[in-house]
Each structure stands twice: as C-alpha cells, then as structure tokens.
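FYI, side chains are in, hydrogens and waters are out, and symmetry mates aren't considered; it's all heavy atoms of this structure.
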Amino acid sequence: MSILRSKYYGIIRSVTVGIAFLLQIVIMILLAVYLMRYSIIVYFALEFISVITVFALVNNAESYKMSWIIIILVIPVAGLFLYFQWGRRRVNSKYFKHFRETDAQMIKSLKQDMNVARDLEIRHPNKVQISRYLRKEGFPIYNNTQVVYYETGEAVISAMIEDIKHAKKFIFMEYFIVSDGKVWRDILEVLTQKAKEGVKVRLLFDDFGTLKINTHAFRKDIKDRGLDMCIFNPIHRDVARLSFNYRNHQKITVIDGNIGYTGGFNLADEYANYIVRFGYWKDSGLRLYGEGVYSFTCFFLDMWRISNKESSIKDEDYKPEIKVNEQGYVQPFMGGPHRNPHNPTEGAYTRMINKARDYIYITTPYLVLDQKMIEDLTSAAESGVDVRIIVPKVYDKWYVYMVNVSNYGRLMEAGVSIYEYEPGFIHAKNIIADDECAICGTINTDYRSFYIHYECGVFISEIDAVKDMKEDFIKTLDRCIQIDIGTWEKRPLRHKIIQSILKVLSPLL
C-alpha cells in the first residue's frame with residue numbers, strides 16, 4: 001500500500017499545483033468582475049492604479065514589460081492582479097536579500113588571477129569585453145583547465161557516470177529534473193557505492209522539476225543510502241506565488257573539486273534517449289578538468305547554503321587538488337532573478353551577439369525573445385554577421401513552439417537564418433562566435449532563463465572545444481530544414497492569431 005501511495009503522491013502534487021495555478025487566474029478574473037458589478041468605485045480606483053502601473057512599466061528600460069502593459073490594458077483589473085502576483089521582481093524582498101548575501105560570500109572565494117586576465121587581453125582582444133563583463137559580475141576567468149565538449153546527452157551522461165565511479169572525497173550534483181528510470185537508477189547505484197566508501201555525496205534538486213519523484217519514500221531512500229539531499233525552493237512555501245517563477249534550472253556535477261560537468265541535460269531517460277518522448281533528443285554538455293572547476297564548486301555550495309541554511313560550509317575546503325597545464329580560457333558563471341536587472345545570463349549572450357564580426361551560431365529549444373534581444377540579433381545580421389539559429393521542429397510544449405514561430409519573421413527579414421531540427425527535440429543551449437569563443441550551459445534564449453530562473457554556463461575561448469561546438473552545429477544543420485520567409489508568411493490564419501496572443505502572454509509561459 002505504501003508503494004502505491006508513493007506512486008501517486010507525485011501525480012497528486014503535480015495536479016494540485018496545476019489546479020492552484022488555474023484557480024488563481026480564475027479568482028483574479030472573478031474578483032475583477034465582482035468589483036465592476038458591485039463596487040464600481042473600488043474598480044475604477046484599481047483601473048487608475050492600472051494606468052499608473054502602465055506608465056511605470058513604459059518608463060522602465062526593460063522591454064519585456066511591454067507584454068505586461070498589453071495584459072494590463074486588455075484586462076485592466078485582473079491584469080493588474082496578475083502583474084502584482086507574477087510580474088513584479090521583488091528585488092528588495094527577504095528572499096532575494098538572502099540570495100545576495102550568500103552570493104557575496106561566494107564571490108569572496110572567487111579570486112581572479114590577474115596574470116590570466118591580462119594574457120587573455122593580449123591573445124584575444126576581440127572578445128575580451130565579454131570576459132571583463134563576467135569578471136565585473138564576480139566570475140573569474142581561468143586557464144590550466146581541460147575542456148571536453150559532448151554533442152549528445154547520452155555521451156555526456158555516460159562520461160559523467162564513469163567519473164563519479166572514481167570519486168575519492170566528494171560528489172556534488174545539482175539538477176532541475178530527476179525522473180525514475182535507467183539514468184537515475186544507474187547514477188543512484190554508483191552514488192550509493194561511493195557513500196559506502198566514505199565519499200561525501202550532496203544532492204540538490206529543484207522541487208518543481210522533481211514533483212513526481214519527490215515523495216516521502218524517495219527522500220527516505222536517499223537518506224537510508226547515506227546521501228545528503230536538499231530540495232530547492234519547495235513550492236508549498238509560497239502557495240500564493242506558487243514559487244515556480246524562481247526555479248533552479250542549473251545543472252552541475254562536481255567530483256572531488258577536480259572535475260565539473262554542466263550542459264542542458266537532466267537526470268532523466270529522455271536526455272540519454274533511453275526512452276522516446278519527442279523523437280531523438282539532442283542535448284550537449286561540457287566536462288571541465290582543472291582550476292576552472294572551482295567556480296562550479298562555489299556555485300553549488302552557494303545554492304546549497306541558500307537551500308539548506310548550512311552556513312558553516314567553506315568554499316576554500318573544496319579547491320581542486322590537481323595541476324593541469326592547458327592553453328585556453330574558461331569562465332564559468334551563473335545568474336538569477338536576485339541579480340536583475342543586470343543578470344549575467346542575458347548579459348553574456350547579448351555581449352556575444354554584439355561583439356560578433358563574422359558569425360554567431362545559436363542552438364536553443366526556446367526562442368522566446370524580448371525586444372532587446374530581437375534588436376541585437378537583427379542588428380548583427382543587418383551588419384553583415386552570419387546569424388544562424390537552430391530550434392526544434394518537434395516541440396515539447398506547443399504553446400512555446402508557437403511563440404518561437406511568431407519570432408521568425410522579424411528575424412528573417414533582417415537576414416537571420418532559422419533552422420528547425422527535424423529528427424526530434426533539440427535541447428542543447430549553445431552559442432558560438434567567430435571561431436574565437438562560445439558558451440555552453442543551461443541558458444535558453446527565453447524570458448525565464450534571462451529573468452526568473454537560476455542558470456549557469458561556461459564562457460570558453462582559445463580552446464579546441466570552441467571548434468568542436470562549431471563542427472557540431474554545422475553537422476546538425478544537415479538534419480534541419482531552413483525556414484523560408486515566404487512559407488512562414490503563408491502559415492494558417494488561425495496560427496497567426498494564436499501566435500500573436502501567446503507572444504503577448506510570453507511572460508506567463
């Protein structure tokens with residue numbers, strides 16, 4: 001009976017969250033209707049506040065808020081409720097204050113070797129501004145770090161499991177999604193064995209991404225195996241806001257402080273193509289070996305302290321113990337809503353695009369762009385830069401795909417080439433520029449990654465992995481269909497209407 005209860009517990013949690021989300025929308029709309037009918041003075045007072053809010057949003061430099069302006073104008077009072085519920089960034093809240101305090105502690109541990117920074121400026125003057133920007137945000141650049149690029153999820157997950165088997169001291173794993181299946185069971189078996197050998201294992205999983213598996217039985221099993229687990233931002237802590245707006249989308253594995261992994265993959269079977277959900281699932285990832293891994297160690301411990309209130313952990317106790325003589329540069333970075341409006345995840349992408357001279361290649365599952373990002377991409381293309389973007393043809397969320405498609409026209413008119421990956425769902429999150437530098441990580445080119453999720457990535461330069469990422473992109477183009485602007489313009493009228501509406505509502509998607 002306990003197994004049966006455990007099986008349905010996750011389903012019940014998922015359904016409960018969905019119902020709570022819909023109820024909030026319905027209640028806000030009904031409240032607006034009620035006020036209009038029975039308390040017209042209050043209703044008009046709220047309409048006046050709606051107008052003031054619109055003016056405040058218009059005067060805000062962040063162009064994504066145009067969507068909220070339209071929502072508030074179309075449904076004045078209900079839209080105002082929705083905005084105050086989900087649209088505002090509570091930068092001065094206790095929640096974000098805690099993040100900023102722990103961030104400050106982490107940044108103190110991340111010291112920049114200025115010799116490395118100066119070497120990059122000499123060897124790589126064309127893109128040094130990107131690195132300077134990330135350094136200013138607190139993220140040092142390293143050399144003496146080997147980097148391996150994996151062009152599939154199955155390849156990176158397999159390599160990661162092999163490295164975990166050889167752990168001697170500690171294993172840190174931080175992921176958005178964990179699902180029961182071969183990938184998780186294989187990893188769990190290895191982690192259990194390492195714990196028996198005395199290796200310290202810490203697991204940090206996002207609550208929203210693990211709704212189905214995060215049961216009492218699951219947590220008890222983890223504890224019984226000798227593993228430490230913490231759940232990031234439990235959704236029940238703030239039912240009013242549902243907390244799904246501030247999810248930990250980072251994917252990090254650190255082994256003994258010497259080896260680090262990141263990329264688009266999660267701990268579920270679809271990422272390694274053990275099961276088929278949306279055709280062939282194409283993902284990507286990086287393996288770091290050397291000094292640069294220390295940043296990922298600090299990133300994990302930062303989020304662990306935030307989630308676990310375990311302030312006694314010191315980053316310095318987990319520094320790399322190996323020396324690697326390797327040319328090239330790596331610069332891991334992270335971002336989140338507590339850093340808005342200067343979020344490094346968006347800032348790194350926009351600087352990559354604006355500094356490109358010859359080409360900029362982007363792979364992303366979601367092309368939910370704000371006005372600023374559209375302007376950056378179109379400006380680059382109109383300046384003669386070869387801008388190419390690969391997105392999925394087989395989608396995981398139909399409404400997000402509709403927003404993807406709605407953005408094609410403006411980009412193609414400026415000369416941006418759009419390609420849809422035909423074999424299945426492309427989940428890789430890569431950006432490459434001019435054979436000189438690239439970013440691989442967890443960052444989608446969408447509203448959530450740039451503004452409301454916690455993300456991470458690695459800026460790499462003067463290293464073979466940049467070439468490998470470019471070759472993977474070119475090879476992937478052979479399995480894509482290029483979108484023709486004429487065909488795009490002739491898409492069904494109903495699609496155009498749906499896409500226009502969903503594009504306005506993109507902050508809610």
Side-chain angles (χ1 to χ4, degrees), residues 61-64 126-139 141 249-251 262-264 284 286 299 329-337 339-381 383 385-391 400 403-404 407 410-411 414 416-418 426-461 465-466 469-470 473 506:
E62 300 169 43
S63 61
Y64 84 95
N126 294 321
K127 300 292 189 300
V128 73
Q129 291 91 338
I130 304 167
S131 178
R132 285 177 184 163
Y133 164 75
L134 291 174
R135 279 165 42 204
K136 184 176 180 295
E137 293 296 320
F139 306 111
I141 190 162
H249 197 245
Q250 295 180 169
K251 291 95 177 178
T262 193
S284 66
L286 291 181
F299 297 169
Y329 305 90
V330 303
Q331 194 166 13
F333 63 96
M334 64 181 290
R339 287 176 170 264
N340 289 332
H342 306 293
N343 197 328
T345 51
E346 183 189 34
Y349 264 54
T350 56
R351 282 160 178 79
M352 284 275 289
I353 294 166
N354 292 330
K355 290 299 296 180
R357 303 184 318 277
D358 300 320
Y359 73 83
I360 191 85
Y361 296 161
I362 299 173
T363 306
T364 181
Y366 310 125
L367 196 65
V368 183
L369 307 175
D370 66 4
Q371 186 62 30
K372 183 178 183 302
M373 184 63 73
I374 290 175
E375 289 173 356
D376 288 339
L377 290 167
T378 55
S379 177
S383 300
V385 176
D386 179 14
V387 183
R388 305 186 194 186
I389 303 175
I390 296 178
V391 292
V400 178
V403 178
N404 284 3
N407 284 314
R410 175 81 181 277
L411 297 174
V416 177
S417 299
I418 307 289
I426 193 160
H427 192 253
K429 302 118 178 3
N430 300 334
I431 179 169
I432 316 126
D434 299 340
D435 292 352
E436 294 176 341
C437 58
I439 293 174
C440 176
T442 71
I443 307 162
N444 298 313
T445 54
D446 71 353
Y447 169 80
R448 289 193 170 275
S449 281
F450 290 150
Y451 297 108
I452 59 178
H453 279 171
Y454 299 93
E455 306 281 0
C456 66
V458 188
F459 172 74
I460 58 176
S461 176
V466 175
M469 290 175 67
K470 180 187 178 182
F473 186 93
S506 58

Would a distance-only check, ignoring hydrogens and angles, find a side-chain to backbone donor-acceptor pair under 3.5 Å from Asn343 to Thr345?
yes
Phe139 and Phe299 aromatic ring geometry - parallel, tilted or perpendicular at 30°/60° bounds
perpendicular
Would you say His249's side chain and Thr442's backbone share a donor-acceptor pair under 3.5 angstrom?
yes
Short side-chain to backbone donor-acceptor contact, Thr364 and Tyr366, under 3.5 Å:
yes
Salt-bridge contact Asp434-Lys355 (side-chain N to carboxylate O under 4.0 Å)
no
Compare all side-chain heavy atoms of Ser131 with those of Tyr329 and state whether any distance is below 4.5 angstrom.
no
Do Asn407 and Ile374 come close enough that some side-chain heavy atom pair is under 4.5 Å?
yes
Report yes if some heavy atom in the side chain of Ile362 is under 4.5 Å from a heavy atom in the side chain of Ile390; otherwise report no.
no
I would like to know whether Ile353 and Leu377 meet side chain to side chain contact (heavy atoms under 4.5 Å, CB included); could you show each step before the answer?
CA-CA 7 Å; Ile353 294 166; Leu377 290 167; 3.6 Å; yes
Polar side-chain atom of Ser449 near backbone of Asn444 as donor-acceptor pair, under 3.5 Å
yes
Is there a side-chain hydrogen bond (donor to acceptor under 3.5 Å, both in side chains) between Tyr451 and Asp370? Walk through the geometry before answering.
CA-CA 11 Å; Tyr451 297 108; Asp370 66 4; 2.5 Å; yes
Check: Tyr359 side chain, Asp435 main-chain N or O, donor-acceptor pair, under 3.5 Å:
yes
Taking 4.0 angstrom as the limit, do Glu346 and Lys372 come out as a salt bridge?
no
Any side-chain heavy-atom pair from Arg351 and Gln129 closer than 4.5 angstrom?
no
Ionic contact status for Glu436 with Arg357, cut-off 4.0 Å
yes
If I compare all heavy atoms of Cys440 with all of Thr262, which pair ends up nearest, and what's the gap?
O-CG2, 4.3 Å
Say whether, by atom type as modelled, one donor and one acceptor occur between the side chain of Thr378 and the main chain of Arg410 under 3.5 angstrom.
no
